[in-house]
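First comes the structure, then the notes that go with it.
To find a chain, count down the sequence lines: A is the first, B the second, and so on, and within it residues start at 1.
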2 protein chains.
Amino acid sequence: MTNIKEIAQYAGVSVSTVSRVMNNHPYVSPEKRKSVLQAIDQLNYSRNINAIHLSKGKTNLIGVIIPFTNHPYYGAIVQGITKQANAIGYHIVIFQTQYEREKEIQALNMLQMKQLDGIIVCSRISEMKVLLDYHKYGPIILCEDTAQAELSSISIDHYAAFSSALEYVVAKGYKKIGYSLGRKKSRNSSLRTKAFNDIMNKYHLLNKKEWLFEGSYHIKDGEKLFQDWNSMIDKPEAIIITNDDTASGFILTANKFGMKVPEDVAILGFNNDSLSEMLDITTVSLPLDWIGKMAVDLFENPEVIRHVKLDYTLMKRKTI
Amino acid sequence: MTNIKEIAQYAGVSVSTVSRVMNNHPYVSPEKRKSVLQAIDQLNYSRNINAIHLSKGKTNLIGVIIPFTNHPYYGAIVQGITKQANAIGYHIVIFQTQYEREKEIQALNMLQMKQLDGIIVCSRISEMKVLLDYHKYGPIILCEDTAQAELSSISIDHYAAFSSALEYVVAKGYKKIGYSLGRKKSRNSSLRTKAFNDIMNKYHLLNKKEWLFEGSYHIKDGEKLFQDWNSMIDKPEAIIITNDDTASGFILTANKFGMKVPEDVAILGFNNDSLSEMLDITTVSLPLDWIGKMAVDLFENPEVIRHVKLDYTLMKRKTI
DNA sequence: GTATCGTATGAAACCCATTTCAGAGCAAGA
DNA sequence: TCTTGCTCTGAAATGGGTTTCATACGATAC
C-alpha cells in the first residue's frame, strides 16, 4: 500500500503539501498541486481512513440501536436516519439488539472507544443512567419521550397520541376496550398505559387487567393476539393494537375464523403502514421517517439539548 | 483522554506491557498485570479503537449494500447477516442505495480506504467489472447467482426456483400466464425471465410482452399491478409475482374490487413472508436469513472462492 | 523605505495503539 | 558446569494521516 510519504517523495514535495491537496486546502501552488495529483494517479494512492480517524478523532459513523431490522416500524426510522446521515456525510452502523442488554452495551463501548461519533437509540434496554454515563463520550440521541436534561430526544407524544386514539374509540360508543403493547416496561408503553388508565377513569369505564395484551411486535403476534382474545369469555369489543403489523395479523386471522372487523371486534392500530392502508385499518399515523431525520439533526447539534415532539394523525378508516 | 502511555507511567511499566494486559497476552507477571489493571481503573482508560484499526489494518466492520431498509426481503437478509457477523465479532455498516450507483461506489471506496474489511452486496447496480476492480482491497461477497471466478457468492437458484413455480402454474392448467419483476435488468430478474421463456416455449404457451410487469417492490406496487392487470382487455389468468409484498398488495386490492383469488386470477408469490402465510398465498419459500448467514461465512474464508446455492421450497397454499 | 499582509511550503509534533526484537533472569536437563 | 529454553520486560519501529509553527517571499499600504 502506498502512503502519503511515498506520494510526497514521488511528487517532490512535503507530506504537508500532499495532505493539503487531498483536503482541498488553499495555499498550494498550481504546479505542486498538479504534480501531487499526478503522483496520486500514478501510484494509485488512496488514503488510509483509519489514520485519518485517529488523527481527527472522529469516524463519521453513527451507531443505531434497534431491536429488529426486519420490522416496518424500525425499518422506516432507519430509512429516515440513513437518508439524513448520508446527506451530512455520515454512515450508520446497525446494532440489532433483539432486546439483549449486552448488544446495547457493545454499541456504547464503541462510542467510548471512538469508533462511533454518536448513537441514536431507537429502543432502549438499559436504564437511563447507563446512557448518561456514556454520554460524555459523544452525543446520544433518544427516540423516546423523555425530559432528560442531558440527552436530546425526538419522539411522538405517545401519551397524547394514544389518548386521542382512545377518545375516538370511546366516542364511537365502545365501552369494553382492550389494548396491546410490545414490551410492557418500555417508555412508550408506560406512556400508553398511563393514557389508557387516565381516559378510562375519566369516562368511568371498566379497566380489566386481562384486556391488556403483551408481546405485539410482528404480524404473527397478531395471530396469537386474536386467539387470546377469542378464547376469552368476556371479550373486549374494541382493541387498540400497538402497531399495524400486529393489527393486520389480528384482522386476517379473525377473517379466517369467520369473524368480521369491526362488526365482531373493532380495531385501531398505530403507524399507518402501507399494509394498514391496504386493509383499511383505522390507525394513528406516526411520521417515522421524520423521527429518523430529526434524530440526525439533533446529533448534528450536540451543544443544544432539545426535546422534539412530532405530530401524529388519526387516520379514520374502516376497522372501527 | 488518557492514553496507553499515561497508563504505563501510572502503573510504572512500559506501554508494551500495558498492551499485553489489554490483549490478554501471556508473559505478564501477576503483579504488573494487577498494577496495570488498577491504573486502567483509576484513570478510567479505554483504548482508542481507531489507533488499533490503524495498527492492525482492519476494523471488524462489514459493509452491506441494499436498496431499501424497510423491505421484508432485505430486512430478513440483513437480520441473518447481523446475527452471524456479531457471532464472529463483526459489525455491519448499512449502505442503502435506493439503486443509486454513487452510493454503491461510496461503499467500495470505504473498502479501499480500509474502513471496511469486506462488503456483502445484496443487490448490485454497478457492472461486475467495477466490483472486480475493488476486490483487491478486500473480500466482496455477492448475493446473486453468478459464476465469477474471483468473487464468492451465495444465492438461490432463481432459474430453478422460478421454473418450478411456473411448472406448478402450468400443471394447474393455466395457459395465460404473466409475471412481475422488480428491476428488469438485475441478475435475478434475467434468470427469471430466461426461465419463463424456456418453460413457456417448452409447453408452447403464449408469451405476451404485456404480461411482463415491472417495478414490483413494495406492497403499494401490488395495488398498481392490479390496476394494470385489471385495465387489460386480454388478461393473464395467473401471475407469478416477484415477491409476497407485491402479491399481497395485489390480492388485497383485488378483493376491494370484488375480485377473488384464485377464482378471478391466480397468484403465486416469492419469499414466504409471514404476510403470505396470513393471506394463504402460494409462494416459493426462500431461506433469506440463511443467505445472510452464509454470506458472512464466505466473507470469513476469503481464500476459498465458493458459489453456494441454497434450496427453495414451494409452499402450496390457496391462491392458485 | 518600511511595516504589514497574504500566499506558499516544509519540519516536526501529534493522534495511539500493536508488534518485533533484543535481552535479562532463572530453572531444568546433559 | 554449561547449554537450552521458557518467562518476562522495555525500547523502538510501525501503521498513516493532520495540523501547528516557523519561515520566506512578494505585494500592497503608508
Side-chain angles (χ1 to χ4, degrees), chain A residues 1-37 39-40 43-61 89 109-117 137-138, chain B residues 1-37 39-40 43-61 89 109-117 137-138:
Chain A
M1 246 7 322
T2 84
N3 58 23
I4 199 173
K5 223 168 168 179
E6 295 177 40
I7 298 298
Q9 263 168 13
Y10 191 96
V13 300
S14 71
V15 293
S16 331
T17 300
V18 178
S19 176
R20 286 191 188 100
V21 172
M22 295 299 297
N23 293 287
N24 276 316
H25 281 306
Y27 303 158
V28 178
S29 69
E31 310 91 61
K32 300 227 169 190
R33 165 164 278 123
K34 197 182 150 202
S35 69
V36 167
L37 256 20
I40 289 169
L43 303 179
N44 189 28
Y45 168 69
S46 74
R47 289 182 289 182
N48 182 324
I49 209 153
N50 293 131
I52 299 177
H53 290 336
L54 171 60
S55 187
K56 293 208 173 176
K58 58 177 284 199
T59 58
N60 282 41
L61 245 32
N109 281 333
M110 281 171 69
L111 180 66
Q112 180 175 11
M113 297 174 84
K114 292 164 171 290
Q115 183 157 20
L116 302 173
D117 290 351
Y137 302 116
Chain B
M1 245 0 332
T2 85
N3 58 23
I4 199 173
K5 221 169 169 176
E6 293 177 43
I7 299 298
Q9 262 169 13
Y10 192 96
V13 299
S14 71
V15 291
S16 330
T17 300
V18 177
S19 177
R20 286 192 189 98
V21 171
M22 296 298 297
N23 293 287
N24 275 318
H25 281 304
Y27 302 157
V28 178
S29 69
E31 309 92 63
K32 300 226 169 190
R33 163 163 280 121
K34 198 182 150 202
S35 69
V36 168
L37 256 21
I40 289 170
L43 303 178
N44 189 27
Y45 169 66
S46 73
R47 290 182 288 182
N48 182 323
I49 209 154
N50 294 132
I52 299 178
H53 290 336
L54 171 59
S55 189
K56 295 209 171 176
K58 58 177 286 198
T59 56
N60 282 37
L61 245 33
N109 281 333
M110 281 172 70
L111 180 65
Q112 178 175 11
M113 295 174 84
K114 290 164 172 293
Q115 183 156 19
L116 303 173
D117 290 351
Y137 302 116

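When the C1' atom of C:dC16 is taken as reference, atom CG of B:Asn48 falls 6 Å away, rounded to whole Å. Rounded to an integer number of Å, the gap from NE2 of A:His25 to P of C:dG10 is 15 Å. The CG atom of A:Leu54 sits 4 Å away from the C1' atom of C:dC15 (whole-angstrom rounding). Between the P atom of C:dA17 and the NZ atom of B:Lys58 lies a distance of 19 Å, rounded to the nearest Å. C:dC16 atom C1' lies 15 Å from atom CD of A:Gln115, rounded to whole Å. Residue B:His53 contributes atom NE2, which lies 12 Å from atom P of C:dT18 at whole-angstrom precision.
For A:Thr17 against C:dA8, a side-chain-to-base donor-acceptor contact under 3.5 Å is absent.
Taken from CG in B:Leu111 to OG1 in B:Thr59, the straight-line distance is 9.0 Å, to the nearest 0.5 Å. Rounding to the nearest 0.5 Å places CG of B:Asn60 at 11.5 Å from CG of B:Leu116. Atom OG of residue B:Ser46 and atom CE of residue A:Met110 lie 12.5 Å apart, to the nearest 0.5 angstrom.
For C:dT18, the OP1/OP2 oxygens have a side-chain nitrogen or oxygen of B:Asn23 closer than 4.0 Å. Contact between the side-chain N/O atoms of A:Tyr27 and the OP1/OP2 oxygens of C:dA8 is not found at any separation under 4.0 Å. OP1 or OP2 of C:dT9 lies within a sub-4.0 Å distance of a side-chain N or O belonging to A:Ser29.
If you find the closest nucleotide of DNA chain D to B:Ile52 and to B:Pro30, the one lying nearer the 5' end belongs to B:Pro30. When the nearest nucleotides of DNA chain C are assigned to A:Ser16 and B:Val15 by heavy-atom distance, the more 5′-ward of the two goes with A:Ser16.
Checked by atom type and distance alone, the side chain of B:Asn3 pairs as donor or acceptor with a backbone atom of B:Lys5 at under 3.5 Å. In this structure, the side chain of A:Asp117 does not engage the main chain of A:Lys58 through any donor-acceptor pair within 3.5 Å.
Taking B:Ala11 as the reference, B:Val13, B:Ser35, B:Val36, B:Ala39 meet the side-chain contact (heavy atoms from CB on, under 4.5 Å) condition, with sequence neighbours excluded. Partners of A:Tyr137 under the side-chain hydrogen bond (donor to acceptor under 3.5 Å, both in side chains) rule, at least two apart in sequence or in another chain, are A:Gln112, B:Asn44. When the side-chain contact (heavy atoms from CB on, under 4.5 Å) test is applied to B:Gln9, no partner is found at least two apart in sequence or on another chain.
With a heavy-atom cut-off of 4.0 Å to chain A, the contacted part of DNA chain D has its first and last nucleotide at D:dG16 to D:dT20.
By the 4.5 Å heavy-atom criterion applied to side chains, A:Arg47 and A:Ile52 are counted as neighbours. Here the side chains of A:Thr2 and A:Tyr10 are not in contact, with every heavy-atom distance at 4.5 Å or above.
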Close N or O pairs between protein and nucleotides 22-27 of chain C (under 3.5 Å):
none

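Side-chain contact, A:His53 with A:Gln115: no donor N or O sits under 3.5 Å from an acceptor N or O.
Test B:Thr17, B:Val21, B:Asn23 against B:Ser19 for side chain to side chain contact (heavy atoms under 4.5 Å, CB included) and you get one pass: B:Asn23.
No engagement by A:Val18 is indicated, since no non-hydrogen atom pair under 4.0 Å with the nucleic acid exists.
For DNA chain D, the residues of residues 4-13 of chain A within the heavy-atom distance limit of 4.0 Å (strictly under) are A:Ile4, sorted by number.
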